[in-house]
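All remarks here apply to the structure that follows.
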Amino acid sequence: MASSPTFSVKQIQTYKCCPHQYFLRYVRKRRGAIVVNPAMSRGSTAHAVLGQTFNVFRQQGAFPTNVRDRVSRHLPRRTDDEDAHWQEDIDMVTGWIDVAVSTHDPTSQIVAVERVYTYPFPGRWGEPAFALTSRIDLIARHEDETVEHIDWKTGGTPIVDRIQNVGSRIALGRTLQEGHIRSTTRFLALDTCRSATLTRDEVRDTWEEIKDLAQRIIADDDWEPVENALCPYCPYRDQGCPLMGNG
């Protein structure tokens, strides 16, 4: 008997954005062009060092004092600019990590850092089975027994990603068998957050969308491209995409 397919939240988001990109990345497994810009480098560095920083706190009960050094070791130098711009990037990322550290509830218990959780949806009539996975930046348990999952964002727009938020909520809740979960997106560059205990309707509506997207992936054999704002940054834009005039 064939096993059920597994889809990460990132895969679901990719398919929603553009089925053609999903096909090239996850079905054909092609290597895309490396698209790097300063904002992406800052974001990946922030997530990497945040993971290190909170793992140290989890193990030792105190945050490391060499955060800036960790950032400078991880952040690629901007070879096309003066060194001053690289130093500015280091200052920026270090500031983001300071925001995450300063807003952390010291009375909470860190359950996990950068961990993948899985919900194996068993399927039902008209809905094929599949597993949904989500990598969560930080999970903390508070004194009132609320479990909070936190997603760190480094962009300048405070928009909560519903699919990521609910996908994480479902995968975490099913794994830990927790009912009282708070979903938080912390926007580090803006020093603000969006945090809520999602209602049953909010979870259900987005879960229905996730299931629909998973079912479409399973059944798709056309993989039509969808033009969107991220097309200029697509790592597969020169690999046969008809929207780019090279199909």
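Atom set for the values below is all heavy atoms of this structure, side chains included, hydrogens, waters and symmetry mates excluded. The chain is numbered in sequence order, starting from 1.
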Ignoring hydrogens, what is the shortest heavy-atom contact between [X] and [Y]? Give both atom names and the distance.
X	Y	value
Gly173	Ile181	CA-CD1, 3.5 Å
Ile218	Pro128	CD1-CG, 3.8 Å
Ala48	His74	CB-NE2, 3.3 Å
Ile90	Arg68	CG2-CZ, 3.5 Å
Pro242	His20	CD-NE2, 4.3 Å
Val226	Pro19	CG2-CD, 3.7 Å

Check your understanding: Do NZ/NE/NH1/NH2 and the carboxylate oxygens of Arg216 and Asp212 come within less than 4.0 Å?
Key ->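 Result for this pair is yes, salt bridge flagged.
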
Measuring from [X]:[atom1] to [Y]:[atom2], what's the distance to the nearest 0.5 Å?
X	Y	atom1	atom2	result
His142	Gln109	NE2	CD	11.0 Å
Leu172	His149	CG	NE2	6.5 Å
Leu132	Tyr117	CG	OH	14.5 Å
Lys10	Ile12	NZ	CD1	12.5 Å
Asp161	Lys153	CG	NZ	5.5 Å
Ser134	Arg169	OG	CZ	12.5 Å

Does the side chain of [Y] come within less than 4.5 Å of [X]'s, by heavy atoms?
X	Y	result
Val166	Glu202	no
Arg115	Thr175	no
Arg237	Cys231	no
Ser41	Asp89	no
Arg42	Thr154	no
Phe130	Lys211	yes
Ser183	Ser168	no

Would you check if the side chain of [X] reaches a backbone N or O of [Y] as a donor-acceptor pair within less than 3.5 Å?
X	Y	answer
Asn66	Pro64	no
Glu127	Arg124	no
Trp152	Trp96	no
Arg135	Val116	no
Thr206	Val203	no
Asp222	Glu224	no

**Study point:** Test log, rule side-chain contact (heavy atoms from CB on, under 4.5 Å), inputs Asp137 and Leu50
**Key:** CA-CA 9 Å; Asp137 291 336; Leu50 278 164; over 6 Å; no

Under a 4.5 Å side-chain heavy-atom rule over Ile, Leu, Val, Met, Phe, Trp and Tyr, are [X] and [Y] clustered together?
X	Y	value
Val99	Phe54	yes
Ile170	Ile217	yes
Ile110	Val49	yes
Met92	Leu75	yes
Ile136	Ile210	no

Practice item. Given side chain to side chain donor-acceptor pair (under 3.5 Å), test His180 with Glu145 step by step and report yes or no. Key: CA-CA 8 Å; His180 196 191; Glu145 293 303 312; over 6 Å; no

Ignoring hydrogens and angles, write down the donor-acceptor pairs under 3.5 Å from the side chains of residues 25-33, residues two or more places apart or on other chains.
{"unit_1": "Arg25", "atom_1": "NH2", "unit_2": "Gln21", "atom_2": "OE1", "d": "3.3"}
{"unit_1": "Lys29", "atom_1": "NZ", "unit_2": "Tyr26", "atom_2": "O", "d": "3.4"}
{"unit_1": "Arg30", "atom_1": "NH1", "unit_2": "Gln239", "atom_2": "O", "d": "3.3"}

Below 3.5 Å, can you tabulate the donor-acceptor pairs from side chains in residues 188-198 to any protein atom, sequence neighbours excluded?
{"unit_1": "Ser195", "atom_1": "OG", "unit_2": "Arg182", "atom_2": "NE", "d": "3.4"}
{"unit_1": "Ser195", "atom_1": "OG", "unit_2": "Thr184", "atom_2": "OG1", "d": "2.6"}

Practice item. List for me each residue that meets side chain to side chain donor-acceptor pair (under 3.5 Å) alongside Tyr15, sequence neighbours excluded, and say none if there are none. Key: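 Counting only residues at least two positions away or on another chain, Tyr15 forms a side chain to side chain donor-acceptor pair (under 3.5 Å) with Asp220.
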
Point to revise | Results of side chain to side chain donor-acceptor pair (under 3.5 Å) for Asp201 - residues two or more places apart only | key: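 Residues passing side chain to side chain donor-acceptor pair (under 3.5 Å) with Asp201: Arg204.
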
Exercise for review: Using ring pair (Phe, Tyr, Trp, His ring centres under 6.0 Å) as the criterion, list what pairs up with Phe57, not counting sequence neighbours.
Suggested key: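 Phe57 satisfies ring pair (Phe, Tyr, Trp, His ring centres under 6.0 Å) with Phe63, His104 only.
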
Point to revise | side chain to side chain contact (heavy atoms under 4.5 Å, CB included) partners of Thr65, counting only residues at least two apart | key: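 With neighbours one apart ignored, the set is empty.
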
Check your understanding: So Trp86 and Ser72, side-chain contact (heavy atoms from CB on, under 4.5 Å) or not? Walk me through it.
Key -> CA-CA 9 Å; Trp86 183 62; Ser72 64; 4.3 Å; yes

Review point. When you look at CZ of Arg174, are more than 12 heavy atoms from neighbouring residues, nucleotides or ligands closer to it than 6.0 Å?
Key: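 Not more than 12 within 6.0 Å, no.
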
Practice item. Report the C-alpha separation of Thr185 and Asp151 in whole Å, then their side-chain angles, then the decisive distance to 0.1 Å, and conclude whether the side-chain contact (heavy atoms from CB on, under 4.5 Å) test is met. Key: CA-CA 5 Å; Thr185 304; Asp151 179 40; 4.2 Å; yes

